[in-house]
Engineer: 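One structure, pasted below without further comment.
Note that the structure is predicted; figures quoted are calculated from it, not measured. Each chain gets a letter, A, B and so on, in the order the sequences are listed, and its residues count up from 1.
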Protein chains: 2
Amino acid sequence: MSIDAIRRIRRFNRAVTAEVGALDTSFLGRGRPLGAARVLNAIGHGRGEVGSLRDYLGLDSGLLSRLLRSLEEEGLVVTLPHPQDARRRVAALTEAGRQEFAAYEALSNDRAAQLLARAPKGDDLLRAMDLVATALGRERIAIEETDPRSEAALHCLTAYYAELGRRLATGFDVALSRDPEAADMMRPRGAFLVALSDGLPVGCVGLKGKGGDLAEIKRLWVCPSARGLGLARRLMEEAEAAARDLGITTLRLDSNNALTEALQLYRRTGWVEIDRFNDDPYPDHFFEKHLP
Amino acid sequence: MSIDAIRRIRRFNRAVTAEVGALDTSFLGRGRPLGAARVLNAIGHGRGEVGSLRDYLGLDSGLLSRLLRSLEEEGLVVTLPHPQDARRRVAALTEAGRQEFAAYEALSNDRAAQLLARAPKGDDLLRAMDLVATALGRERIAIEETDPRSEAALHCLTAYYAELGRRLATGFDVALSRDPEAADMMRPRGAFLVALSDGLPVGCVGLKGKGGDLAEIKRLWVCPSARGLGLARRLMEEAEAAARDLGITTLRLDSNNALTEALQLYRRTGWVEIDRFNDDPYPDHFFEKHLP
DNA sequence: ACATTTCCCTGACTTAAGTCAGAGAATACG
DNA sequence: CGTATTCTCTGACTTAAGTCAGGGAAATGT
């Protein structure tokens, strides 16, 4: 742990504190204290229930209550009892509230755009920001089951194919590979998982089943800025759990010699190499694992 | 300006806000409001004069005054009239104040170390942080004249030699090159400039003189995370200004074909290519510029 | 030498943020 | 069915932060 590293991190902190402060200041321009603005934005982002607002914003119950009242008086928010449990309350934006929320979103987007505009090399900066955000938000990476045709899934798959094209000596053309049907990677036959870090897709894995007790793992991918966090392992564990849940007892997968990290992961996590089980042109390694 | 880029920046903002907040919270652990802690730390970092404290922290004069009083009552700070101008006052830490300041520094360092410890690939993360901090703090990069043997200068020169070693087809060995005497790059014969971003050296340039009206530009370097910001140009302008100040009328420099950005910069800023003027083994391009 | 300006200070405010105790309604539990 | 628990709300605080108007001492300009 060198002194130099600590100095660099502290310099980063200073630089970024100014940026965060500037965003807060721009939020004050709407003539509302920051606390109320934060509540309004949290509701706009889909956090309706009062309890979840409290947890998310870390506010005292009394304080949040008052902030909600002030937003109600402004006509931006209405609160209604929760349909299932009338002790709880759910806040929702009115039409005026939605407009105000949109104004805050526009402020945030403007600041982001300004930052990008004064940045030297747009893409390097974005990549660096992704890496930092992922490292800082490591414990907040959520793995979710989704439709393999969802926006998040397509984001990952596009990046995955592009990476295969770069890494395989032969290049890669999806059309030549056996692209699974979406229905094979959805319940009840299979599943598709994406890893989301604060909403940004950073990894995926597919479980492709045919209805029997045999299934295949496909499309395991982790985005470069999220590598080294053990995310691939987590994705595989979740995929195996989903397989068990579907009554699957044997898993298979194919891979390529160029994908060294993946091969290493499979060998370390109980997969055994078997003979070729398909005629797909790209893979040259084949694995199997029996689920207990 | 893609939507995706804005989403990524906003995700970065969220991730980093949590980090900044955590640092603030840890500062509260010393039983002192954040405002007072900020003042104490600013004094500890060498900002003694009340006026400069006010500017740096962006505080109202009355508020700062009160914060200073509270630190005085705690016995952490003493304020004395400014020796040159008795209207102004200068704050300084007492022995107890120095200890308290050291405790805050330790908290900051701990947080930085923790962040680094939970990071996956230490060096990638640090590089990404440098890039972000430099891009955000772009307008705060200061160019200072320094001893070519100072810590900051050596930091730059070491990185410069390493980079030459990587980029030149022949490799690079300082011993074979004509390494200037330190005295040739200091007043009154020459000068050495470093660019500091929040204290971190991010670039340098040397002006090597022999006492006459001819001098050479040497060791122009900008660290990778600060490229694309026009820093090399600024360094060259400052070096030329220093040369004029020293009464120098003709500047020369040598460079290598592999250093394309540098060659481009020279050609665009009024340098003309001339014949080889030394027998150094590394350069293959030679330039001259007359100062008006 | 005198008026003006600069600098920091004090006192009297306002606003935001946060804490805590307890009330009232609804649900869960035995 | 009655009691305990959960959930949100209100009222009565405290603390931090910030604003504004002046005042006194020192320096500056004429």
Engineer: Tell me whether A:Thr134 contacts the main-chain N or O of A:Ala226 through its side chain, where contact means a donor paired with an acceptor under 3.5 Å.
Structural biologist: no
Engineer: For DNA chain D, find the residues of residues 14-52 of chain A with a heavy-atom distance under 4.0 Å and give them by number; none if there aren't any.
Structural biologist: A:Val50, A:Gly51
Engineer: Hey, could you give me the CG/CZ distance between A:Leu136 and B:Phe12, rounded to the nearest 0.5 Å?
Structural biologist: 8.0 Å
Engineer: Between C:dA26 atom C1' and A:Arg89 atom CZ, what is the distance in whole Å?
Structural biologist: 12 Å
Engineer: Round to the nearest Å and state the distance from B:Leu71 atom CG to D:dA16 atom P.
Structural biologist: 13 Å
Engineer: If you measure from CG on B:Leu67 to CZ on B:Arg32, what distance do you get to the nearest 0.5 Å?
Structural biologist: 11.5 Å
Engineer: Just the rounded figure in Å: distance from P of C:dC9 to CG of B:Leu67.
Structural biologist: 11 Å
Engineer: Side chain of B:Arg88 only, heavy atoms from C-beta on: which candidate in C:dC9, D:dT8, C:dC8 is closest?
Structural biologist: C:dC8
Engineer: If I take atom SG from residue B:Cys204 and atom CD from residue B:Glu144, how far apart are they, to the nearest 0.5 angstrom?
Structural biologist: 14.0 Å
Engineer: Are B:Glu72 and B:Arg69 ion-paired here, with the side-chain N under 4.0 Å from a carboxylate O?
Structural biologist: yes
Engineer: What is the distance, rounded to the nearest whole Å, between atom CG of A:Leu80 and atom C1' of D:dT8?
Structural biologist: 14 Å
Engineer: Quickly work out the A:Arg69 CZ to D:dC9 C1' distance and round it to whole Å.
Structural biologist: 7 Å
Engineer: Can you measure B:Leu64 atom CG to D:dA17 atom P for me and round it to whole angstrom units?
Structural biologist: 13 Å
Engineer: Under 4.0 Å between a side-chain nitrogen and a carboxylate oxygen: does that hold for A:Arg127 and A:Asp124?
Structural biologist: yes
Engineer: Take the protein atom CZ of A:Arg54 and the nucleotide atom P of C:dC20, then report the distance between them rounded to whole Å.
Structural biologist: 15 Å
Engineer: What string of B, S and - do you get for nucleotides 19-30 of chain D, 5' to 3', when a contact is any protein heavy atom under 4.0 Å?
Structural biologist: BB-----BS---
Engineer: Between A:Asp55 (CG) and D:dC7 (P), how many Å, whole number?
Structural biologist: 10 Å
Engineer: Please determine whether the number of non-hydrogen atoms from other residues, nucleotides or ligands lying under 6.0 Å from atom CZ of B:Arg233 exceeds 12.
Structural biologist: no
Engineer: Describe, in one word, how the ring planes of B:Phe27 and B:Tyr104 are oriented to each other, choosing from parallel (under 30°), tilted (30 to 60°) and perpendicular (over 60°).
Structural biologist: tilted
Engineer: Heavy atoms, side chains only, cut-off 4.5 Å: are B:Asn41 and B:Glu105 in contact?
Structural biologist: yes
